[in-house]
Amino acid sequence: MPIDAAKALAAEPRSTEITWDHKDIQLYHLGLGAGVPATDPAELRYTLESKLHVLPSFATVAGAGLGVVGGLSAPGIEVDLAAVLHGTQSVTSHRPIPTAGRATSTSRVADVYDKGKAAVLVLRTDVADEDGPLWTSEAQLFVRGEGGFGGKRGPSVRQDPPEREPDLVTERGIREEQALLYRLSGDWNPLHADPEFARLAGFDRPILHGLCSYGMALKAVVDELLGGHVTRVSSYAVRFAGIVHPGETLRVRAWHLDETRIQLTATAVERDDAPVLGDGVLTHT
């Protein structure tokens, strides 16, 4: 069997050293669409090294996203990457991410769920530097065709939005070249750049990275509801519900649940609000 859940869960965590500097952060922010208008003081916090603040979602690309790669190469995990879908993503911040750093990234398979027609790998990555923990990220990856092994089904993350008007509705245009820029942060999958490859994968044209939508939605909520203060974000989690293409528009809706939690969704405007992100929850101070 390609997935040996017991072996994967018993495997020793894998650690690697990662580094980043202000150029990596600026490139990531630009890949999310930051910098428009270019001289806006609110945007310069994302693009100018002397004023730089770091969105917590940078954690998903720091070290070129090696945490997920390490998890897929763990003992007991032998899967066809073409059968893997990114189901959910979360990041928990233990303290603000510095604009330059060197840290140890430790990854492991935290759980394996049996969804019947698919297996779900829960990959956890803990990152710490010499001053202590920086962030914890967790990705759930669906592996089609690998379920039915008798494992536990796992929890449901579905959470319907409140039955009232959102506290925020905002739109973010996706530039035609945005996926080409975002992939420079480490995700080189040709699905996001090569029309021929995209057609072979069942899409009429390249699609935007799910983690780019993830970061765009976070930036929109931070800018509009948290005064642009990235350090107020404690954690951020979403379910990937669909796709959006470069050239389309991402519509973000958000609701205050209480004093420390915001729920959010994102949809593709040009395709009748087709779901892109669902079950999003941001916790903040």
For a ring-ring contact (aromatic ring centres under 6.0 Å, His included) with His209, tell me which candidate from Tyr182, Tyr28, Trp188 qualifies. Tyr182

pair Arg95-Leu134: side-chain heavy atoms closer than 4.5 Å: yes

What pair of heavy atoms forms the shortest contact from Leu191 to Ala201, and how long is it? CD1-CB, 3.9 Å

Under 3.5 Å side-chain donor-acceptor pair for Ser137 and Gln89: no

Output the distance between atom CG (Leu250) and atom CD (Glu171), rounded to the nearest 0.5 Å. 9.5 Å

Gap separating the CD1 atom of Ile174 from the SG atom of Cys212, nearest 0.5 angstrom: 7.0 Å

Using distance alone, with no hydrogens and no angle criterion, decide if Tyr46 and Asp40 have a side-chain donor and acceptor under 3.5 Å apart. no

Does a donor on one side chain and an acceptor on the other come within less than 3.5 Å for Thr106 and Ser15? yes

Are Leu168 and Val269 joined in one hydrophobic group, where the rule is that I, L, V, M, F, W and Y side chains link up if heavy atoms are under 4.5 Å apart? no

Starting from the C-alpha separation in whole Å, work towards a yes-or-no answer on side chain to side chain contact (heavy atoms under 4.5 Å, CB included) for Ile262 and Leu226. CA-CA 10 Å; Ile262 296 170; Leu226 300 182; 4.2 Å; yes

Within one Ile-Leu-Val-Met-Phe-Trp-Tyr cluster: Leu32 and Leu52, side-chain cutoff 4.5 Å: yes

Taking only Lys NZ, Arg NE, NH1 and NH2, and the carboxylate oxygens of Asp or Glu, determine whether Asp273 and Arg251 approach each other closer than 4.0 Å. yes

Verdict with reasoning, Glu49 to Thr99, per side chain to side chain donor-acceptor pair (under 3.5 Å): CA-CA 8 Å; Glu49 57 273 17; Thr99 56; over 6 Å; no

Between Val84 and Ile77, is there shared hydrophobic-cluster membership here, with clusters defined by ILVMFWY side-chain heavy atoms closer than 4.5 Å? yes

Which word best sums up how the rings of His256 and His284 line up, parallel for under 30°, tilted for 30 to 60°, or perpendicular for over 60°? perpendicular

A side-chain contact here means heavy atoms from C-beta on lying under 4.5 Å apart; do Val109 and Leu123 qualify? yes

Will you find, in the side chains of Tyr236 and Ser93, an N or O donor that is under 3.5 Å from an N or O acceptor? no

Rounded to the nearest 0.5 Å, how far does CD of Glu177 lie from CG of Leu181? 7.0 Å

Go through the structure and list residues passing side-chain hydrogen bond (donor to acceptor under 3.5 Å, both in side chains) with Arg205, not counting sequence neighbours. Glu248

Which atom pair, heavy atoms only, marks the closest approach of Ala268 to Val244? CB-CG2, 4.1 Å

Distance col, row Asn189:CG vs Asp194:CG, nearest 0.5 angstrom, shows 10.0 Å

Above 12 or not: heavy atoms from other molecules or residues under 6.0 Å from NE2 of His245? yes

Could you tell me whether the side chains of Thr283 and Thr260 share a donor-acceptor contact shorter than 3.5 Å? no

Does His192 use its side chain to pair, donor to acceptor, with the backbone of Ile207 at less than 3.5 Å? yes

Minimum heavy-atom distance Met216-Leu208, with the two atoms named: SD-CD2, 4.1 Å

Do Phe240 and Thr88 come within less than 4.5 Å of each other through their side chains, counting heavy atoms only? no

May I ask whether Val122 and Leu141 are part of the same hydrophobic cluster, defined by side-chain heavy atoms of I, L, V, M, F, W, Y residues being less than 4.5 angstrom apart, directly or through others? no

Can you give me every donor-acceptor pair (side chain of residues 111-121, partner residue at least two apart or in another chain, under 3.5 Å) with its distance?
{"unit_1": "Asp111", "atom_1": "OD1", "unit_2": "Lys152", "atom_2": "NZ", "d": "3.2"}
{"unit_1": "Asp111", "atom_1": "OD2", "unit_2": "Lys152", "atom_2": "NZ", "d": "3.1"}
{"unit_1": "Asp114", "atom_1": "OD1", "unit_2": "Gly116", "atom_2": "N", "d": "2.9"}
{"unit_1": "Asp114", "atom_1": "OD1", "unit_2": "Gly148", "atom_2": "N", "d": "2.7"}
{"unit_1": "Asp114", "atom_1": "OD2", "unit_2": "Gly148", "atom_2": "N", "d": "3.3"}
{"unit_1": "Asp114", "atom_1": "OD2", "unit_2": "Phe149", "atom_2": "N", "d": "2.8"}
{"unit_1": "Asp114", "atom_1": "OD2", "unit_2": "Gly150", "atom_2": "N", "d": "2.7"}
{"unit_1": "Asp114", "atom_1": "OD2", "unit_2": "Gly151", "atom_2": "N", "d": "3.2"}
{"unit_1": "Lys115", "atom_1": "NZ", "unit_2": "Arg153", "atom_2": "O", "d": "2.9"}

Any chance you could lay out the side chain to side chain donor-acceptor pair (under 3.5 Å) test for Arg172 and Thr170, step after step, and finish with the verdict? CA-CA 7 Å; Arg172 295 292 187 270; Thr170 186; 2.6 Å; yes

We want to know whether Ser107 and Thr125 form a side-chain donor-acceptor pair, criterion being a heavy-atom distance below 3.5 angstrom. yes

Count I, L, V, M, F, W, Y as connected when their side-chain heavy atoms are under 4.5 Å apart, and connections chain through other members. Are Ile3 and Phe142 then in the same cluster? no

Quick test of your reading of the model: are Arg158 and Asp160 salt-bridged, counting only N-O distances below 4.0 Å? no

Between Thr47 and His29, is there a side-chain donor-acceptor contact under 3.5 Å, judged purely by atom types and distance? no

Are the side chains of Glu43 and Asp223 in touch, meaning some heavy atoms are under 4.5 Å apart? yes

